[in-house]
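By convention here, the first residue in the shown sequence is residue 1. Counting starts at 1 for both ligands and their atoms, following the listed order.
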Amino acid sequence: MAAGIDDIAIYIPRLFIDAADFAKARGLDPEKLQKGLGVSQMAIVDTNQDPACLAANACLQIMQKNKLSPEDIGRLYVSTESSFDESKAMNSYVIGMLEQVYGQGAFEHCGGVETKFACVSGSYALYDNTNWIRAGEAEGKQALVVVSDIAKYDLGSSGEMTQGAGAVVMLLNDEPRLLAFDPKVTATSIKDEYDFYRPFGKETPIVHGQYSNLLYMIQVRKALEIYKKKALSSGLMKLEPGETILDHMDYLNMHLPYSNMGKKALAYLIRHEWRQLPRWKKLIQDMGMLEPVPKDPRGTIESVLGDEEFMAKDHEFTKLFTKTKEFQEVYESKLASSLIASKMIGNLYTASLYLGFRSCLEFEYQKGIDLNGKRVGFGSYGSGSSAMVFSGLIQPQYEEVVKNMNLEAELAPRRKLTLQEYEILHENKLSPEEPMLNTKREFILVDVNTTTESRGERRYIFNE
Ligand code: HMG
């Protein structure tokens, strides 16, 4: 049975900070953000928004757009790493908000949980719900998987350049108009790591930035190896001599903590995949530089990062490689469109990969390309750490959905924050009753209870 993504909707907060203003305030070269990381703007939540509001706003949008009633929805999963309760799932809050519009008890029949594994948990939720449909358990109902996060780092930290916020919701069913997942090829890798984590009670994560970059690439490569074995053994793909698995993917969507991480990961994966192929020998000749090898090729991530000579040479090699026409061709045709939204919005943690997918669809369609039957490969990564690689085929009815996508229009009207306003919001100096914007027809947070007996209870309204 086919199963996959029928439609996708996004909710992005209307406030943002501009990368150039941010760089100026932090004494950084704006080029580091814009060119080095690929960050132009970062979406910031208002005082009356939390990840549950973002998720509920995205869900309402997809339901209204598709004229869905709560009866049509059998499962609602929320994936987040910005959770504010150790026990109560974010689903309850989202259902509570939606029932303000659809009526109390309207979603009573609907199951679902909050899933957590840093940025990768949305991919696990998609996989589980796809299998719920494939197993014939859905009984004509559809699933909503919503990924919602606020990427917030300490003021003055290097992670502060890679913030953002927003939610993406995907409607899954057995006649998906956008993408049907390839069966029996989903591959995972997992390892106990401390590249990025957020201990209980801490609002911002503890991050080992360069370590996390390298770990992301290693874990995705490991999952890709498993994907490759499955794709070949299941007969999904057949490699002719000199081919790689990546040649059989028309698009690659990567987890995007910042847009250039997608490019970095693509270069890493291609190097790994092409290394054994005749085309690599030719490329190395044309580049005039041998691929560097660390002093201890079997060493740890720390030993590789600590090998300064290797790191400098590898950086030089990567720069040279990413300028070759061979890399540029793959980059432009398979990845570049997925990065556009990320540059304008920033990191959405769980939602970043799927914002990238949406961006890929919209901007490839705008090029006039027929997307029917194109294979999309996904490289999902979550710190701590786990990666997931999977793929799907764009479906014949995709145009019905994609022709109406307009990121610019959906983001508007946005308001640019001054650095002073941003810092006030960042340090939580204002209450939900003191928002920067007065939005209409959206779910907003009105109160978080501080009394001993009901501490943490949240109240939301639909702002008519
Ligand atoms: P940094 O270490 O300060 O930056 O912070 P850098 O020195 O690596 O520079 C970044 C890029 O800008 C480099 O490009 C520089 O060369 C370039 P590259 O060489 O890598 O291509 N650059 C410039 N370019 C033009 N003009 C200039 C200039 N200066 C430098 N003047 C870091 C970067 C990402 C480490 C930091 O922002 C950070 O810690 N971010 C948070 C962690 C993160 O995003 N990690 C990504 C991988 S882990 C992950 O994705 C999981 C995550 O989403 C969490 C989850 O799973 O839940 C984070």
Table of N or O contacts for ligand 1, cutoff 3.5 Å:
{"residue": "ligand 1", "atom": "2 (O)", "partner": "Gln210", "partner atom": "NE2", "Å": "2.7"}
{"residue": "ligand 1", "atom": "3 (O)", "partner": "Lys32", "partner atom": "NZ", "Å": "2.8"}
{"residue": "ligand 1", "atom": "4 (O)", "partner": "Lys32", "partner atom": "NZ", "Å": "3.3"}
{"residue": "ligand 1", "atom": "8 (O)", "partner": "Gln210", "partner atom": "NE2", "Å": "2.8"}
{"residue": "ligand 1", "atom": "19 (O)", "partner": "His315", "partner atom": "NE2", "Å": "2.4"}
{"residue": "ligand 1", "atom": "20 (O)", "partner": "Lys264", "partner atom": "NZ", "Å": "2.4"}
{"residue": "ligand 1", "atom": "21 (O)", "partner": "Lys319", "partner atom": "NZ", "Å": "2.9"}
{"residue": "ligand 1", "atom": "31 (N)", "partner": "Asp29", "partner atom": "OD2", "Å": "2.8"}
{"residue": "ligand 1", "atom": "37 (O)", "partner": "Ser158", "partner atom": "O", "Å": "2.8"}
{"residue": "ligand 1", "atom": "40 (N)", "partner": "Thr162", "partner atom": "OG1", "Å": "3.3"}
{"residue": "ligand 1", "atom": "45 (N)", "partner": "Ser212", "partner atom": "OG", "Å": "2.9"}
{"residue": "ligand 1", "atom": "50 (O)", "partner": "His255", "partner atom": "NE2", "Å": "3.2"}
{"residue": "ligand 1", "atom": "53 (O)", "partner": "His255", "partner atom": "NE2", "Å": "2.8"}
{"residue": "ligand 1", "atom": "56 (O)", "partner": "Cys119", "partner atom": "N", "Å": "3.3"}
{"residue": "ligand 1", "atom": "56 (O)", "partner": "Ser383", "partner atom": "N", "Å": "2.8"}
{"residue": "ligand 1", "atom": "56 (O)", "partner": "Ser383", "partner atom": "OG", "Å": "3.4"}
{"residue": "ligand 1", "atom": "57 (O)", "partner": "Glu81", "partner atom": "OE1", "Å": "3.0"}
{"residue": "ligand 1", "atom": "57 (O)", "partner": "Glu81", "partner atom": "OE2", "Å": "2.4"}
{"residue": "ligand 1", "atom": "57 (O)", "partner": "Cys119", "partner atom": "N", "Å": "3.2"}

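Here the rule is side chain to side chain contact (heavy atoms under 4.5 Å, CB included) with Leu425, and of Val45, Ile17, Thr47 only Thr47 fits it. Applying the side-chain hydrogen bond (donor to acceptor under 3.5 Å, both in side chains) test between Ser337 and each of Glu332, Glu362, Glu364 identifies Glu364 as the sole match.
Ionic pairing of Glu316 and Lys319 is not present here: no N-O contact between side-chain nitrogen and carboxylate oxygen is shorter than 4.0 angstrom.
The salt bridge (charged side-chain N to carboxylate O under 4.0 Å, His left out) test applied to Lys35 returns Glu31, not counting sequence neighbours.
Among all heavy-atom pairs drawn from Glu273 and Glu225, the shortest one is OE2-OE2, 4.0 Å.
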Query raised in the report: Given the rule in the side-chain hydrogen bond (donor to acceptor under 3.5 Å, both in side chains) test, do Arg198 and Ser82 qualify, once you have shown the distances and angles that lead to the verdict?
Result: CA-CA 9 Å; Arg198 187 165 70 85; Ser82 316; 5.6 Å; no

